[in-house]
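Both backbone and side-chain heavy atoms feed into the values below; hydrogens, waters and symmetry mates do not. One-based numbering along the sequence shown.
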Amino acid sequence: KTDLRRLNSSVGMTAMSPMPILKVRSISSGSTWPIRSRSTKLSFIGVTSVSALVTAIRAPYRTGAMADITLGFDTLEPYLSRHPYFGAVVGRYGNRIGNAQFTLDGQTHKLAANNGPNHLHGGVRGFDKYAWTAESLDGKTGVAFSRTSADGEEGYPGNLKVSVSYTLTDDNELAIE
């Protein structure tokens, strides 16, 4: 969990104009979900079902002015092309797998190479390149995303069900589970 108020004061933020959240409301059956704090109405998290991506975190400075503290883009299109994985859920594996292969139970699995001869953050079409299923969280201020990575996707064996949830707590914390 990240306490956004503590983060702001620890990095010595000064007032600046807030950046816009994602301008595109829908693409490839994806949608943008705003998450606002129930208690203070001071914080805002923007996430989208395309990539289960965090597109904005707006938090108050010590002065009370709001600003987006995320690193990213103003529209969805740059996220769908090659980018530095800003706000993305990567997978099945986060980091590089040398020579785009690994051995499991004596069987070598060849993966999609997308970083020279290596496999990076899930391959050519990692988790950040899919639309995820979104659902609201009962009793919480947040959203959960899920998807199934099928056997053979990017060379990985077995089906994998994966989910991530983003919740903005009454204490102004972003919980990612």
Side-chain angles (χ1 to χ4, degrees), residues 1-95 114 120-123 125-147 149 162-177:
K1 293 182 179 181
T2 301
D3 183 332
L4 301 177
R5 290 173 298 207
R6 194 174 308 128
L7 175 67
N8 287 341
S9 62
S10 70
V11 297
M13 291 184 161
T14 58
M16 60 185 279
S17 57
M19 297 172 63
I21 65 159
L22 211 59
K23 293 176 185 172
V24 177
R25 298 299 287 175
S26 171
I27 188 166
S28 302
S29 73
S31 57
T32 299
W33 291 68
I35 303 171
R36 297 182 194 282
S37 173
R38 289 183 294 184
S39 63
T40 64
K41 304 287 186 208
L42 294 178
S43 295
F44 170 90
I45 310 300
V47 292
T48 179
S49 59
V50 174
S51 306
L53 183 71
V54 175
T55 60
I57 300 175
R58 288 190 183 165
Y61 293 128
R62 287 176 271 181
T63 63
M66 298 291 287
D68 186 347
I69 60 171
T70 55
L71 188 58
F73 305 108
D74 290 340
T75 63
L76 188 56
E77 285 80 10
Y79 290 106
L80 299 176
S81 60
R82 188 175 176 153
H83 70 89
Y85 301 97
F86 293 142
V89 173
V90 298
R92 289 188 183 191
Y93 184 82
N95 206 342
N114 64 328
L120 178 66
H121 297 330
R125 189 164 186 217
F127 289 176
D128 63 304
K129 301 291 190 284
Y130 284 90
W132 292 53
T133 300
E135 62 183 75
S136 59
L137 297 172
D138 291 333
K140 295 182 179 180
T141 304
V143 62
F145 296 105
S146 62
R147 70 173 298 269
S149 176
V162 64
S163 64
V164 62
S165 66
Y166 301 102
T167 307
L168 188 58
T169 71
D170 291 339
D171 293 327
N172 211 29
E173 296 172 326
L174 171 60
I176 303 172
E177 300 178 296

Quick check: closest heavy atoms across [X] and [Y], and the distance to 0.1 Å?
| X | Y | result |
| --- | --- | --- |
| Trp132 | Val162 | CH2-CG1, 3.8 Å |
| Asp128 | Ala88 | CB-CB, 3.8 Å |
| Ala134 | Val143 | CB-CG2, 4.2 Å |
| Leu137 | Ala144 | CD2-CB, 3.6 Å |
| Gly72 | Phe86 | CA-CD1, 3.6 Å |

Spatial distance of atom [atom1] ([X]) from atom [atom2] ([Y]) [nearest 0.5 Å]:
| X | Y | atom1 | atom2 | answer |
| --- | --- | --- | --- | --- |
| Ser51 | Arg147 | OG | CZ | 10.0 Å |
| Thr48 | Phe145 | OG1 | CZ | 6.5 Å |
| Asp68 | Thr55 | CG | OG1 | 8.0 Å |

Exercise for the section: Using side-chain contact (heavy atoms from CB on, under 4.5 Å) as the criterion, list what pairs up with Ser163, not counting sequence neighbours. Expected result: Ser146
Practice task
Begin from the C-alpha positions of Tyr166 and Ile176 and carry the test side chain to side chain contact (heavy atoms under 4.5 Å, CB included) through to its verdict.
Solution key: CA-CA 5 Å; Tyr166 301 102; Ile176 303 172; 3.7 Å; yes
Problem - Residues which pass ring-ring contact (aromatic ring centres under 6.0 Å, His included) with Tyr85, listed by chain and number, not counting sequence neighbours - result: His83, His121
Exercise for the section: Taking side chain to side chain donor-acceptor pair (under 3.5 Å) as the test, write out the residues that go with Ser149, two or more places apart. Expected result: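 Per chain and number, Ser149 pairs via side chain to side chain donor-acceptor pair (under 3.5 Å) with Arg92, Glu153.
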